[in-house]
Amino acid sequence: MKHLLLTATTLALALGASNAYADDDCYDAVANWQPQETLRQLLEAKEWQVNRIKVDDGCYEVTGLDKAGNRIEAQFSPASLRVRSFDVEFADNADISGYPMLPAPVSGVAAPVAAVPAAPIQPGVPVAAPAPAVPALPATAPTQP
């Protein structure tokens with residue numbers, strides 16, 4: 001009996017602890033939710049093609065395409081319609097100008113390519129070339145006001 005009680009207590013504690021760490025649900029009161037159609041209109045005004053809006057873990061989850069044709073999946077708070085998470089799957093040669101948080105590609109410069117060793121990899125032998133030395137900055141005297 002003690003063993004059964006100990007097992008049940010351990011299981012309850014473990015399940016309770018795991019929920020505390022993996023909590024990405026929305027807890028807005030249903031009475032405060034804005035209609036899904038309002039969210040759809042906001043997104044279509046930003047030239048998104050909304051394929052689906054569903055409720056998942058208390059949040060609005062939207063799937064569709066942005067104006068450049070990239071696949072998107074976003075999660076919104078149903079009361080405020082604020083973005084909680086956002087994923088983009090960019091198409092090949094995608095225009096990323098609509099995403100200012102991403103660095104712009106430099107035209108005429110090839111993307112970095114991982115070095116491929118010319119010989120088979122040997123245990124204990126480094127594969128990558130050493131990093132280039134960083135030039136020292138010239139020493140300057142502090143200026144007095």
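In this chain, numbering begins with 1 at the start of the sequence shown.
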(request) May I ask you to test the Thr38-Leu81 pair for a side-chain heavy-atom distance under 4.5 Å? (result) yes
(message) Nearest 0.5 angstrom please: Arg71 CZ to Leu65 CG, how far?
(response) 7.5 Å
Do any side-chain atoms of residues 43-62 form donor-acceptor pairs under 3.5 angstrom with protein atoms, and if so which ones, sequence neighbours left out?
from: Gln49; atom 1: NE2; to: Asn51; atom 2: OD1; distance (Å): 3.4
from: Tyr60; atom 1: OH; to: Gln34; atom 2: O; distance (Å): 2.6

(request) Look up atom OG in Ser77 and atom OH in Tyr27, then write down how far apart they are to the nearest 0.5 Å. (result) 12.5 Å
(request) Return yes if a side-chain donor-acceptor contact under 3.5 Å exists between Asn32 and Asp28, otherwise no. (result) no
